[in-house]
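Excluded from the calculations below are hydrogen atoms, water molecules and symmetry mates; all remaining heavy atoms, backbone and side chain alike, are included.
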Amino acid sequence: MIRRVGFVGLKTSRLDAVAEVLRECLGAAQTSATKTSVSFAASDGTNIEVYGDDDQFHRFFDTGPVVGFEVDDFDACREALRERGIQFLTEIQQNERNAWQHFRLPDGTVAEIIGPRRGNARRD
């Protein structure tokens with residue numbers, strides 16, 4: 001079950017200009033910045049990442065904005081996608097709270113699942 005949209009990723013050739021609009025016009029709180037990316041948080045906690053052309057890791061963000069679907073059980077969701085032959089684009093990444101992985105939907109759109117690993121599933 002999708003709990004919420006937990007991530008939105010944008011790839012742009014105009015990193016500074018897009019970041020300025022998000023920050024100055026839309027009121028997104030900037031949380032970090034590097035030469036190749038700027039990170040923001042929406043008021044509901046959704047992570048918004050903007051990647052410039054020089055960001056090589058996210059070069060597969062080639063279908064428009066990438067939405068990360070936050071799910072209750074990362075492992076169960078990933079297994080259901082795998083059983084349907086979904087193409088994963090990255091290895092599983094994780095921090096102390098969640099795991100995430102990018103994949104292509106059947107139409108080629110890049111998406112992501114985000115959630116706790118088994119044993120750490122939410123109980124709320």
Participant: Under a plain distance cut-off of 3.5 Å, with no hydrogens placed, do Ser32 and Ser39 share a side-chain donor-acceptor pair?
Facilitator: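 Side chains of Ser39 and Ser32: pair found under 3.5 Å.
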Participant: Could you tell me whether a side-chain N or O of Ser37 sits under 3.5 Å from a main-chain N or O of Glu49, the two making a donor and an acceptor?
Facilitator: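 Checked: no pair found.
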Participant: So, do Phe57 and Thr90 sit near enough that their side-chain heavy atoms are less than 4.5 Å apart?
Facilitator: yes
Participant: May I ask you to test the Asp44-Arg4 pair for a side-chain heavy-atom distance under 4.5 Å?
Facilitator: yes
Participant: Can you see which heavy atom on Gly52 is nearest to which on Leu15, and at what distance?
Facilitator: N-CD1, 4.0 Å
Participant: Around atom CD of Glu83, are there more than 12 heavy atoms of other residues, nucleotides or ligands at under 6.0 Å?
Facilitator: yes
Participant: Please determine whether salt bridge (Lys or Arg N to Asp or Glu O under 4.0 Å) holds for the pair Asp16 and Arg23, giving the CA-CA distance in whole Å, both sets of side-chain angles, and the decisive distance to 0.1 Å.
Facilitator: CA-CA 10 Å; Asp16 292 339; Arg23 186 176 47 251; over 6 Å; no
Participant: Considering non-hydrogen atoms only, spot the tightest contact between Ala111 and Phe69 and give its length.
Facilitator: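 Taking every non-hydrogen atom into account, CB-CE1, 4.1 Å.
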Participant: Testing the basics here: between Asn98 and Gly115, what is the closest heavy-atom pair and its distance to 0.1 Å?
Facilitator: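 Minimum heavy-atom separation between Asn98 and Gly115: OD1-C, 3.1 Å.
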Participant: Which heavy atom of Ala99 sits nearest a heavy atom of Arg117, and at what distance?
Facilitator: CB-CD, 3.2 Å
Participant: Under a 4.5 Å side-chain heavy-atom rule over Ile, Leu, Val, Met, Phe, Trp and Tyr, are Ile2 and Val67 clustered together?
Facilitator: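 Ile2 clusters together with Val67.
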Participant: Between Asp75 and Arg82 (salt bridge meaning N to carboxylate O under 4.0 Å), is one present in this structure?
Facilitator: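 Here Asp75 does not pair with Arg82 in a salt bridge, since their nearest N and O are not under 4.0 Å apart.
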Participant: Find the distance between CD (Gln101) and CD (Glu112) and round it off to the nearest 0.5 Å.
Facilitator: 9.5 Å
Participant: Could you tell me whether Arg14 atom CZ has more than 12 heavy atoms of other residues or ligands within 6.0 Å of it?
Facilitator: no
Participant: Please write out which residues are connected to Phe74 in a hydrophobic cluster, directly or through intermediates, given that two of Ile, Leu, Val, Met, Phe, Trp, Tyr count as joined at side-chain heavy-atom separations below 4.5 angstrom.
Facilitator: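 Via sub-4.5 Å side-chain contacts, Phe74 links to Leu81, Ile86, Phe88, Ile92, Phe103, Leu105, Ile113.
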Participant: Rounded to the nearest 0.5 Å, what separates atom CD in Gln30 from atom CD in Glu20?
Facilitator: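 It comes to 11.0 Å.
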Participant: Do the side chains of Val38 and Val21 join up, straight or via other hydrophobic residues, at under 4.5 Å, putting them in one cluster?
Facilitator: no
Participant: If every non-hydrogen atom of Val71 is compared with every non-hydrogen atom of Pro116, which pair is closest and at what distance?
Facilitator: O-CD, 3.6 Å
Participant: Which class fits the ring pair Phe61 and His58: parallel under 30°, tilted 30 to 60°, perpendicular over 60°?
Facilitator: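 Ring orientation of Phe61 relative to His58: perpendicular.
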Participant: Parallel, tilted or perpendicular, judged at 30° and 60°: which one describes the rings of His102 and Phe7?
Facilitator: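 If you compare the ring of His102 with that of Phe7, the planes turn out perpendicular.
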Participant: Using only atom types and a distance under 3.5 Å, with no angle test, would you say the side chain of Lys11 pairs donor to acceptor with the backbone of Val50?
Facilitator: no
Participant: Taking all atoms of both residues into account, what is the closest heavy-atom pair of Thr63 and Thr109, and its distance?
Facilitator: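 Of all heavy-atom pairs spanning Thr63 and Thr109, the closest is OG1-CA, 3.8 Å.
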Participant: With rounding to the nearest 0.5 Å, note down the distance linking CD in Gln93 to CD1 in Ile114.
Facilitator: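 Between atom CD of Gln93 and atom CD1 of Ile114 there are 10.5 Å.
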